[in-house]
Amino acid sequence: MRFAVFSYLLASLQTIVTATSVQGLYDLVQRRLPGHSEEFVFTLNETTCANSTDLVNDSFTVATGANGSIAITGNSLSALATGLRRYLTEVAHTDVYWFIDSRLDEITTTLPRPNATITGSSIVPWRYYFNTVTFSYTTPFWSWEDWEKELDWLALHGVNLPLAWVGFEKILLDVFQSINMTTSEIMPFFSGPAFQAWNRFGNIQGSWGGELPLQWIDSQFELQQKILKRMLELGMTPILPAFTGFVPRTLTDVYPNATVVNGSQWEGFPTEYTNTTFLAPSDPLFTVLQNLTIVKQIEYYGNITQYYTLDQYNENDPFSGDLDYLRNVTRGTWQSLKSANAAAVWVMQGWLFTSNADFWTNERIEAYLSGVEVDSDMLILDLFSESQPEWQRTNSYYGKPWIWNMLHNYGGNMGLYGQIANVTINPIEALANSSSLVGFGLTPEGQQGNEIMYKLLLDQAWKNTPIDTSSYFRSWAQTRYAEGVSVPTSALPSGVTTAWELLRTSAYNNQNLSAGNAVSKAIYELAPNITKLTNRTGHHPTTVTYDPQIVIQAWNELYRAATQQQRLWESPGFEHDFVDVTRQVFSNAFLSSYESLISTWTASTIDSPPSTKETLLSQAETLISLLHTLDAILATLPQFSLEPWISSARSWALLNTNTTSFTTSTSLQDQNLLTYNAINQLTLWGPTGQINDYASKSWAGLVAGYYVPRWETFLEYLVSVAPEGYRDEEARARVVVVEMGFQKKRKEKRSPWRRKRLQYCTYGCMHERQQTNTTHYMASKYKPYP
Ligand SMILES: *[C@@H]1O[C@H](CO)[C@@H](O)[C@H](O)[C@H]1NC(C)=O
Ligand SMILES: *[C@@H]1O[C@H](CO)[C@@H](O)[C@H](O)[C@H]1NC(C)=O
Ligand SMILES: *[C@@H]1O[C@H](CO)[C@@H](O)[C@H](O)[C@H]1NC(C)=O
Ligand SMILES: *[C@@H]1O[C@H](CO)[C@@H](O)[C@H](O)[C@H]1NC(C)=O
Ligand SMILES: *[C@@H]1O[C@H](CO)[C@@H](O)[C@H](O)[C@H]1NC(C)=O
Ligand SMILES: *[C@@H]1O[C@H](CO)[C@@H](O)[C@H](O)[C@H]1NC(C)=O
Ligand SMILES: *[C@@H]1O[C@H](CO)[C@@H](O)[C@H](O)[C@H]1NC(C)=O
Ligand SMILES: *[C@@H]1O[C@H](CO)[C@@H](O)[C@H](O)[C@H]1NC(C)=O
Ligand SMILES: *[C@@H]1O[C@H](CO)[C@@H](O)[C@H](O)[C@H]1NC(C)=O
Ligand SMILES: *[C@@H]1O[C@H](CO)[C@@H](O)[C@H](O)[C@H]1NC(C)=O
Ligand SMILES: *[C@@H]1O[C@H](CO)[C@@H](O)[C@H](O)[C@H]1NC(C)=O
Ligand SMILES: *[C@@H]1O[C@H](CO)[C@@H](O)[C@H](O)[C@H]1NC(C)=O
């Protein structure tokens, strides 16, 4: 199968790319190491295009060639790209990174030649990348230049199976138009630019704050054409979308006899925006729509892949739990795929089995998967393998090929975090215990931070024993701060490696999964409250799973290193890490200061001395001042600031101000929609606070502009009721009500109670109003016109 994939990739390269197969690698070197491309010789040594259906592992060799070239040989383009990175990190001591760009351009002099041959062999044929939601949490506003860097990073890290969702709405629009639906019947189905992932999943429909612009659909489609072409050049097999069954509500106006069911409600969204209409796979129209979806993509992009992503029940429960019903759904869907592309493989995120575990009993999972009668026609992504793997309980998905994935973070939250043991030991164990495991991959909700963890798993895909993380972290620090060959790693201050060793053994070594099993969240990003902010566990933990003193020590080590070697302040990698570690130190400091304030508050009684108020006031001031200082620190780098997120969103409207078909006012309207979407995702998320703060970020502008006002309102209230308050029964009662939260219904008839409860509600309601207002305020701040 792999050989087959390879041969038609070559065929499509000839038709689409018109480049020799290794040209993509020379182009990569040209992009990242201009002037050095003639020093490399890439040789693809796999000439036999066997008709084998076995997936094969990749292998490469890097050596100094006879003519003095850096000779990289391998059996696939992905093998060659991985070999290139091994050369870069091990011989040239440089690498590519998120946020801070390629550091390769620092090699201005002669490239060093490898002294000895470097070899590498993958232990799994597939290295997968992306979560469907990464396309909304991280990439929705990316430009082509952003994508170019991303795709080079993926290639160099050996990724050969990326998800490719960009611009899918263009395909759907075409598909529904082909069955005689009008544009105005179709457009209201689509969600806003920052929320498309969940529309693609069928969780939501429609767009609040304004309808998706047609112009956005067209420009995203153009971007997708570039992305796919580049993926092929770099030896990746893109996974393209397929038809899931989710359709505009208006479909039944045009096809009154279509068999549809109302999907379930998602995350408390109003029915208007959820309960998405699902067309039964048994309806002949389903097959027509599937065929159109596949055929249109082949028409636009070429016959470039056999892999299709298709999720019908991601956080949506099926209409029925009947085993026959479930089996019929998959069988119908599978047959529709195969009739459209005989080679199709259905790729599915296995997340539903985790998120909706109550529904998905083993019996139902088995029934659902068995509808795909040929195992190799399906590929399951075990989505959160480091913390909540499902492959054991499902007996390796009852024989379907599957991929072991690290999810790592939810909503692009930003705490320093890793499970180094789970990510190195567990996949190797899985490989030994499951014969249908065919790949390792990464499924982050956001590509946001902790890059070392992502590199670690992708590197683990080329090593058959668990990587020694101690030396791995040491090399990371050395390569990252050595800045190419000009500075020998031995000349680096030891503080940088000590710092990373401290981080490795604390924040990156969570072994207590019941305290938190994914990236942690700073409590200042949450709606202020006197309860329930701390010690949260699970997917957005606020529990600190390590001794916070160790991260402070790491900060000190980094600081000391930079005082010893001033040039570190100019090193983008160092700057990034220094701000990031500082952010974590502030996050932890805020947490403990908050706990002090709450303990003052809780310990106070009617008889507390007046100094209680002063204590509370000064503790409140500490909290606010921590946030202001943090905001100023974050503002030193764009990757920790809100502004680039907003301006990249807006640029999608600006891009088209020249086109004659759109008036300037349309463009401004689009800018407002894009701005609203960008801010709404980080804050309220849904139209009225559904999954509020889920995708919160520690970004300059958001901290001072959104989190600070919320905390000020809250703290001012606490301080205002604290002092005299305890001197009379009424205020005492008021405090009790605060402690119980304003949702608690008080039945007492005592009027003071009721009056005070009302007052508290004034705080609560004001707090909610303020929150909504702040979102609008922030949106208006970025409005291009009043
Ligand atoms: C290709 O498949 C055919 C039929 O299964 C088989 O006879 C032939 O040996 C295979 N060729 C290679 C190179 O594996
Ligand atoms: C291709 O090169 C790789 C790496 O040098 C090697 O492992 C593999 O055996 C070679 N394959 C062939 C068919 O020569
Ligand atoms: C290559 O060999 C030279 C001379 O022995 C040595 O100085 C250098 O560190 C070696 N380079 C690598 C990448 O091993
Ligand atoms: C769409 O309308 C055209 C013209 O009325 C008709 O020929 C065609 O069959 C219709 N297509 C579908 C899928 O109903
Ligand atoms: C829908 O079904 C009804 C009743 O079975 C039938 O009379 C009608 O012709 C069908 N309409 C279409 C458009 O197929
Ligand atoms: C939406 O889905 C929920 C189940 O998740 C269901 O209770 C509700 O009735 C549905 N609403 C509509 C209008 O279908
Ligand atoms: C499943 O499909 C079979 C064959 O089409 C059909 O006889 C059966 O009624 C379907 N079962 C359910 C529950 O939809
Ligand atoms: C899919 O669509 C193409 C092009 O319209 C058509 O030739 C083919 O017969 C269709 N296949 C199926 C299974 O409907
Ligand atoms: C696309 O390629 C697959 C082989 O991977 C082949 O089975 C299928 O027929 C091709 N489809 C088209 C429309 O060329
Ligand atoms: C991850 O590691 C922890 C501690 O090392 C262990 O208790 C846990 O079982 C591992 N998790 C999984 C999913 O294997
Ligand atoms: C949270 O956990 C910490 C450490 O385990 C503990 O000291 C603290 O009392 C807990 N706080 C609450 C509110 O449970
Ligand atoms: C504080 O948390 C409680 C418990 O979760 C909740 O009932 C209450 O509404 C929250 N208060 C505010 C002001 O958000």
Side-chain angles (χ1 to χ4, degrees), residues 98 128-134 136-138 197-198 267 314-315 349-357 381-391 403-427 430 440-458 460 469 503-504 506-526 532-546 548 551 580 583-584 587-588 591 681-682 685 691-698:
W98 298 341
Y128 170 83
Y129 201 85
F130 287 121
N131 186 312
T132 289
V133 306
T134 328
S136 287
Y137 281 133
T138 297
W198 300 275
E267 295 287 352
N314 179 75
E315 299 182 5
Q349 292 198 175
W351 175 244
L352 70 173
F353 304 135
T354 308
S355 66
N356 299 32
L381 303 171
D382 191 85
L383 214 71
F384 191 19
S385 308
E386 80 276 28
S387 294
Q388 290 177 265
E390 300 289 349
W391 62 272
I403 292 180
W404 194 103
N405 289 291
M406 176 180 82
L407 192 150
H408 184 258
N409 83 80
Y410 289 85
N413 288 171
M414 290 174 63
L416 295 179
Y417 185 82
Q419 292 166 218
I420 48 173
N422 293 111
V423 165
T424 51
I425 298 166
N426 295 24
F440 294 171
L442 297 166
T443 50
E445 286 206 342
Q447 181 182 302
Q448 194 56 55
N450 299 299
E451 181 177 352
I452 192 169
M453 292 303 300
Y454 295 78
K455 288 180 183 259
L456 181 62
L457 181 60
L458 290 175
Q460 188 64 70
T469 56
L503 295 174
R504 182 184 76 86
S506 57
Y508 287 108
N509 187 28
N510 181 32
Q511 302 209 0
N512 179 5
L513 303 196
S514 58
N517 60 18
V519 164
S520 60
K521 197 172 182 102
I523 65 159
Y524 55 72
E525 295 172 5
L526 294 167
K532 306 254 169 74
L533 298 191
T534 61
N535 291 10
R536 288 192 185 181
T537 60
H539 300 169
H540 303 265
T542 58
T543 305
V544 179
T545 54
Y546 51 87
V551 173
D580 205 17
R583 179 199 52 68
Q584 193 61 53
S587 168
N588 296 345
L591 179 61
Q681 186 201 83
L682 305 174
W685 213 110
I691 60 172
N692 196 14
D693 296 316
Y694 181 100
S696 63
K697 302 280 177 304
S698 289

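Just so it is clear, the model here is predicted, and its values are computed rather than measured. For this chain, numbers begin at 1 and follow the sequence in order.
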Can you check whether [X] reaches [Y] side chain to side chain, under 4.5 Å on heavy atoms?
{"X": "L457", "Y": "W404", "answer": "yes"}
{"X": "N405", "Y": "L442", "answer": "no"}
{"X": "N450", "Y": "Y508", "answer": "yes"}
{"X": "V519", "Y": "M414", "answer": "no"}
{"X": "T545", "Y": "Q511", "answer": "no"}
{"X": "S136", "Y": "W198", "answer": "yes"}

Notebook entry, point to check: What's the verdict on side chain to side chain donor-acceptor pair (under 3.5 Å) for Y137 and N409, showing C-alpha distance, side-chain angles and the deciding distance?
Noted result: CA-CA 11 Å; Y137 281 133; N409 83 80; over 6 Å; no
Please find the pair of heavy atoms, one from [X] and one from [Y], that lie closest to each other, and give the distance.
{"X": "K521", "Y": "S696", "value": "NZ-OG, 2.9 Å"}
{"X": "G538", "Y": "P541", "value": "O-CD, 3.2 Å"}
{"X": "D382", "Y": "E390", "value": "OD1-N, 3.0 Å"}
{"X": "T543", "Y": "A515", "value": "CB-O, 3.4 Å"}
{"X": "A507", "Y": "Y546", "value": "CA-CD2, 3.6 Å"}

Without swapping roles, check the side chain of [X] against the backbone of [Y] for a donor-acceptor pair under 3.5 Å.
{"X": "T542", "Y": "I523", "value": "no"}
{"X": "N510", "Y": "N512", "value": "yes"}
{"X": "S387", "Y": "N517", "value": "yes"}

Taking atom types as modelled and ignoring hydrogens, do the side chains of [X] and [Y] form a donor-acceptor contact shorter than 3.5 angstrom?
{"X": "S698", "Y": "Y524", "value": "yes"}
{"X": "E445", "Y": "H539", "value": "no"}
{"X": "Y417", "Y": "Q584", "value": "no"}
{"X": "T138", "Y": "Q448", "value": "no"}

Note to self: If the condition is ring pair (Phe, Tyr, Trp, His ring centres under 6.0 Å), which residues does Y454 pass it with, not counting sequence neighbours?
What the structure shows: W98, H408
Notebook entry, point to check: Is there a side-chain contact (heavy atoms from CB on, under 4.5 Å) between Q681 and Y694 once you walk through the steps?
Noted result: CA-CA 8 Å; Q681 186 201 83; Y694 181 100; over 6 Å; no
Margin query: For Y410 and H540, take the angle between the two ring planes, folded into 0 to 90°, and tell me which bin it lands in: parallel under 30, tilted 30 to 60, perpendicular over 60.
Written below: tilted
Item checked: Sequence-distant partners of R583, salt bridge (charged side-chain N to carboxylate O under 4.0 Å, His left out), two or more places apart -> D580
